[in-house]
Amino acid sequence: MNEKKDMEKRKADAPDAVERTSNAPVYIPDVDILETNGDIVLVADMPGVDEKNVTVTLEQDVLTIEGNVTAETPEGYRLAHAEYGVGDFRRVFSLSDQVNRDKISATVRNGVLRLVLPKAEAAKPRTIPITAG
Amino acid sequence: MAITMKNPYGYRSVFDELNDAFGDLFWGDASAGNRFPALNAWVSDHGVVVDAELPGIDPKNLDISVVGDELTLTGRRDPDEAKESDTYHRRERRFGRFTRSLRLPFKVEAAKVTANYRHGVLRITLPRAEADKPKRIAIEGA
């Protein structure tokens, strides 16, 4: 049963007590979070979204990614088979202090948002030189 | 059939899915019930439009083929490159091969099928085959 749920687009349940003004559906985008030596990279699947319709906000230590999607129903046709719903995307993360907030970069390509959050200097791994003693 | 939304008209979908239990090689999980990508389809008297959410795909890795009234969509998404030293905190996005077949409510003109991939959504427009269009039969007087 859980497998089926995995494949479905995940609808945001009981939104964080802050409702949107419209009743349109909101979906949770699938996200990969990868930590490299210098950055934290967040990649989110948001099909239907382009760079003009994505908002990334950072407030205190809360990172919010939102994508706005307008359903494009073809004119003159009637819906005959629907396996997924179309709606906006939203996901909220809490960031640790280890991110350099001023250098965050975001790109959108083919419906995929890619956020690169460079680590603050203090968080980067530093190799300690070893001298014979 | 893993249809997650009911046909809004309340009756059974005009589409039949072909038996693609052996074709669903998505992330190595061949169990029936895992249908990827999810498809939405619109129908008119003149044709069919099929939408699929396929974010982050290289169109070169997509293969769309049409035979008569059968549409087959095959493709793959390659994983992002990661070095040995990288660690994943979360890994929810999936990669690999996928294939789906859909039987359309009528035959379509294969030569006139167009596909458009924009913002991660693939839209395939399939005009109905001329030969398959209904023809009015004139009734001769007795």
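None of these values were measured; they are calculated from a predicted model. Reminder, nothing fancy here: chain letters follow the sequence lines and each chain counts from 1.
From B/D86, atom CG reaches atom CG of A/L34 across 4.5 Å, with rounding to the nearest 0.5 Å. To the nearest 0.5 Å, atoms CZ (A/F93) and CZ (B/R90) are separated by 5.5 Å.
The shortest non-hydrogen separation linking A/P47 to B/G120 is CB-O, 3.8 Å. Taking all atoms of both residues into account, the shortest heavy-atom contact from A/G111 to B/P55 is O-CB, 3.8 Å.
A/V49 and A/L63 end up in the same hydrophobic cluster when Ile, Leu, Val, Met, Phe, Trp and Tyr side chains are linked at under 4.5 Å. Linking Ile, Leu, Val, Met, Phe, Trp and Tyr whenever their side-chain heavy atoms come within less than 4.5 Å leaves A/L117 and A/V41 in two separate clusters. Hydrophobic clustering (ILVMFWY, side-chain heavy atoms < 4.5 Å, transitive): A/V112 and B/V121 are in distinct clusters. Connection of A/L42 to A/V116 is not established within any shared hydrophobic cluster, with ILVMFWY side chains joined at heavy-atom distances below 4.5 Å, either directly or through further cluster members. Put simply, B/V66 and B/F98 are part of the same group of oily side chains (I, L, V, M, F, W, Y) that touch within less than 4.5 Å, one to the next.
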Problem - Chi angles and distances behind the salt bridge (charged side-chain N to carboxylate O under 4.0 Å, His left out) call for B/R94, A/D45 - result: CA-CA 10 Å; B/R94 307 195 224 197; A/D45 277 348; over 6 Å; no
Exercise for the section: Would you sort out whether B/S85 and A/N37 count as a side-chain contact (heavy atoms from CB on, under 4.5 Å), showing the intermediate values? Expected result: CA-CA 7 Å; B/S85 52; A/N37 271 338; 4.3 Å; yes
Problem - Trace of the side-chain contact (heavy atoms from CB on, under 4.5 Å) decision for B/V48 with A/Y77 - result: CA-CA 8 Å; B/V48 181; A/Y77 290 82; 5.7 Å; no
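Salt-bridge formation is not detected for the pair A/D30/B/R91: no Lys NZ or Arg NE/NH1/NH2 atom is positioned less than 4.0 Å from an Asp or Glu carboxylate oxygen. A salt bridge between A/E83 and B/R100 is present, with a side-chain N of the basic residue lying under 4.0 Å from a carboxylate O of the acidic one.
Looking at B/E92, its side chain does come within 3.5 Å of a backbone N or O of A/V31 through a donor-acceptor pair. Of the possible donor and acceptor atoms, one in the side chain of B/N40 sits under 3.5 Å from a partner among the backbone N and O of A/Y84.
For the options B/V49, B/L39, B/I57, B/D51, heavy-atom pairs under 4.5 Å to chain A are most numerous at B/L39. Counting heavy-atom pairs under 4.5 Å between each of A/P74, A/G48, A/G76 and chain B puts A/P74 at the top. Here A/N110 is the residue among A/N110, A/I40, A/V69 with the most heavy-atom pairs under 4.5 Å with chain B.
For the pair B/H119 and A/E72, the minimum side-chain heavy-atom distance is 4.5 Å or more. In this structure, the side chains of B/W42 and A/E75 stay at 4.5 Å or more apart for every pair of heavy atoms. Side-chain atoms of A/P29 and B/R93, non-hydrogen and from C-beta on, never get closer than 4.5 Å to each other. Between A/I33 and B/Y88 there is no side-chain heavy-atom pair separated by less than 4.5 Å. Counting heavy atoms from C-beta on, the side chains of A/R78 and B/V43 come closer than 4.5 Å.
Neither the backbone nor the side chain of A/E51 comes within contact range of chain B; no heavy atom of the residue lies under 4.5 Å from a heavy atom of that chain. For A/V108, no part sits under 4.5 Å from any heavy atom of chain B, backbone or side chain.
Around atom CZ of B/R123, more than 12 heavy atoms belonging to other residues, nucleotides or ligands sit under 6.0 Å away. Surrounding NZ of A/K103 are at most 12 heavy atoms belonging to other residues, nucleotides or ligands under 6.0 Å away.
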